[in-house]
> 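Handing you this structure, nothing more for now.
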There are 2 protein chains.
Amino acid sequence: MINIDDLRQKFHDRQYKLTPQRQIILQAFLDNHDKHLCAEDVHNIVRQKYTDIGLATVYRTLEIFSDLDILHKMDFGDGRSRYEINESSNPHQHHHLICLSCGKVKEFEGDLLETLESVISRKSNFKIVDHQVKFYGYCRECQDKC
Amino acid sequence: MINIDDLRQKFHDRQYKLTPQRQIILQAFLDNHDKHLCAEDVHNIVRQKYTDIGLATVYRTLEIFSDLDILHKMDFGDGRSRYEINESSNPHQHHHLICLSCGKVKEFEGDLLETLESVISRKSNFKIVDHQVKFYGYCRECQDKC
DNA sequence: CTTAGTGCAAAACCTTTGCAACTCT
DNA sequence: AGAGTTGCAAAGGTTTTGCACTAAG
């Protein structure tokens, strides 16, 4: 997982400047690596340390981080983009289980799609570089309620 | 795949009214079962037959159809929801290959996730009812261009 | 006739953009 | 000093909502 020094290096390579706003936004993800934060979540977290930060800055920073593969932009169908920090260099590591009742998102570890990807690549001449898998259903707690 | 008579039955059960607008919107999907239409696409198609239909009606109808599992709401990351008609009673039939270069969406037939689903259900106590799988990469045509 | 549905316009959201002031390097 | 960055406010795009009117059952 990325740290501040990696960030400094990556930014230097691309001639981005390392502002306090950007460092604090990264920190927000490091402190919440298990969550799926949206722009507004990030804004609220970051404002506690840096009162005057603007929401536009958050959006601009999230886009840069996504381009640099520091964050992964995702959609869980709630009308806003959510981001999660890339835990490793291999993005194919976990899947999301989305509860249709309470909306919570659980993670499921393990990459069981490698073979499926090679089948698809061969059969349809499509060069796959990433995938996103979402399972919809009911989590343990919501099953108990019924 | 659904037809007008099925629609009549489903609507009757829920006390929805079968208006010409709703029939024409269903017809748009029957005529374009291979496409992934967004609300505006539907509005444009439907307006050719029913000039005065409002975009709000299209949105409201798409939501009803999704609730009734006649349509499937999807997100391909282009900032708007897209819908496709449910070809069968089993929604687990095909996956989407999204080209990162030209944006085209191809379909890949075959349900290779049944076993993965049962593994997940067992290991994480999550009752899966649906899944959505997207593969990102480069289509044949865009690979040739490089 | 009753209830649900429609079209329109306005509102609500999330996200992006223009710009003058500012700040990393 | 200079290029990139910020915050603010305004604009953009999609989707939802309020309301008077209309039409299906």
Side-chain angles (χ1 to χ4, degrees), chain A residues 4-5 7-26 28 36-68 70-71 73-83 103, chain B residues 4-5 7-26 28 36-68 70-71 73-83 103:
Chain A
I4 297 285
D5 288 334
L7 188 70
R8 184 164 285 118
Q9 182 62 49
K10 283 199 178 199
F11 270 36
H12 184 259
D13 295 346
R14 296 251 207 145
Q15 291 170 310
Y16 290 136
K17 290 178 177 169
L18 191 57
T19 65
Q21 290 93 327
R22 289 171 177 177
Q23 293 183 55
I24 290 175
I25 289 172
L26 177 64
H36 307 96
L37 305 174
C38 66
E40 205 187 335
D41 293 338
V42 174
H43 191 218
N44 287 333
I45 293 170
V46 157
R47 249 198 303 203
Q48 296 170 8
K49 290 186 189 168
Y50 202 104
T51 320
D52 284 342
I53 193 168
L55 184 54
T57 299
V58 173
Y59 275 106
R60 286 185 282 233
T61 303
L62 294 176
E63 184 167 353
I64 291 174
F65 284 177
S66 296
D67 284 350
L68 294 175
I70 295 166
L71 295 180
K73 187 176 186 173
M74 336 208 65
D75 176 275
F76 293 127
D78 63 348
R80 71 209 65 187
S81 293
R82 296 188 169 275
Y83 299 81
Chain B
I4 298 285
D5 286 336
L7 188 71
R8 184 165 285 119
Q9 182 61 50
K10 283 200 176 197
F11 269 37
H12 185 259
D13 294 347
R14 295 251 208 147
Q15 291 169 307
Y16 289 138
K17 290 177 177 172
L18 189 57
T19 65
Q21 289 93 328
R22 289 171 176 179
Q23 293 183 55
I24 290 174
I25 290 172
L26 176 63
H36 308 96
L37 305 174
C38 66
E40 205 187 336
D41 293 338
V42 174
H43 191 218
N44 287 332
I45 292 169
V46 157
R47 250 199 304 204
Q48 295 168 10
K49 289 185 187 165
Y50 202 104
T51 321
D52 283 345
I53 192 169
L55 185 54
T57 299
V58 173
Y59 275 106
R60 287 185 281 233
T61 304
L62 293 176
E63 184 166 355
I64 291 175
F65 283 177
S66 296
D67 284 351
L68 294 176
I70 296 166
L71 296 181
K73 187 177 187 172
M74 336 209 66
D75 177 274
F76 294 127
D78 62 348
R80 73 209 67 184
S81 293
R82 296 188 168 275
Y83 298 81

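Order of the sequence lines fixes the chain letters, A, B, ..., with proteins taken first and strands second; residue numbering starts at 1 for each chain. The model shown is predicted, which means the values in this text are computed figures rather than measured ones.
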> Take Q15(B) and T57(B), find for each the nucleotide of DNA chain C with the closest heavy atom, and name the residue whose nucleotide sits nearer the 5' end.
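Looking at the nearest nucleotide for each, Q15(B) comes out on the 5' side.
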> Return the value, rounded to whole Å, for the distance between atom CD of E63(B) and atom C1' of dA4(C).
15 Å
> Mind calculating the distance between CD1 (I64(B)) and C1' (dG5(C)) to the nearest angstrom?
9 Å
> Would you say V42(A) and Y83(A) make side-chain contact, with heavy atoms under 4.5 Å?
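SC-SC contact between V42(A) and Y83(A) ruled out.
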> Quick check: do R80(B) and R82(B) have side-chain heavy atoms less than 4.5 Å from each other?
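Sidechains of R82(B) and R80(B): in contact.
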> R60(A) near the nucleic acid: base, sugar-phosphate alone, or nothing, with a heavy-atom cut-off under 4.0 Å?
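If one applies the 4.0 Å heavy-atom cut-off, R60(A) turns out to touch a base.
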> Using whole Å, what does the distance between atom P of nucleotide dA11(C) and atom CG of L55(B) come to?
18 Å
> Nearest heavy-atom pair of T57(A) and I25(A): which atoms, and what distance?
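Looking at all heavy atoms of both residues, the closest pair is O-CD1, 4.4 Å.
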> Does any residue of residues 40-52 of chain B have a heavy atom under 4.0 Å from DNA chain C, and if so, which ones, in number order?
Y50(B), D52(B)
> Start with the C-alpha distance between L26(A) and I70(A), add both sets of side-chain angles, then the distance that settles side chain to side chain contact (heavy atoms under 4.5 Å, CB included), and finish with yes or no.
CA-CA 9 Å; L26(A) 177 64; I70(A) 295 166; 4.0 Å; yes
> Nearest whole Å is fine: how far is dG5(C) C1' from L7(B) CG?
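Rounded to whole Å, this separation is 14 Å.
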> Using side-chain heavy atoms (C-beta onward) and a distance below 4.5 Å, is K73(B) in contact with L62(B)?
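Not in contact.
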> Atom OH of Y59(B) to atom C1' of dA12(C): distance rounded to whole Å?
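Taking atom C1' of dA12(C) as the reference, OH of Y59(B) is at 13 Å.
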> In whole Å, what is the span from the CZ atom of R80(A) to the C1' atom of dT16(C)?
17 Å
> Do R47(A) and D52(A) come close enough that some side-chain heavy atom pair is under 4.5 Å?
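Not touching, per the 4.5 Å side-chain cut-off.
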> Looking only at side-chain N and O atoms, does R22(A) come under 4.0 Å of OP1 or OP2 in dT6(D)?
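Yes.
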> Atom CG of D75(A) and atom C1' of dC14(C): how far apart are they, to the nearest Å?
12 Å
> Could you go through nucleotides 22-25 of chain D and list every protein N or O atom that sits under 3.5 Å from one of its N or O atoms, giving the distance for each pair?
{"from": "dA24(D)", "atom 1": "N3", "to": "K17(B)", "atom 2": "NZ", "distance (Å)": "3.1"}
{"from": "dG25(D)", "atom 1": "OP1", "to": "L18(B)", "atom 2": "N", "distance (Å)": "3.1"}

> To the nearest angstrom, how far is Q21(A) atom CD from dT6(D) atom P?
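The answer, rounded to whole Å, is 5 Å.
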> Looking only at heavy atoms, what is the nearest atom pair of I53(A) and H43(A), with distance?
O-NE2, 2.9 Å
> Is there a side-chain contact between F11(A) and R22(A) (heavy atoms, below 4.5 Å)?
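Side chain of F11(A) against side chain of R22(A), heavy atoms only: contact under 4.5 Å found.
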> Could you tell me if D5(A) and Q9(A) have a donor-acceptor pair between their side chains, going purely by distance under 3.5 Å?
no
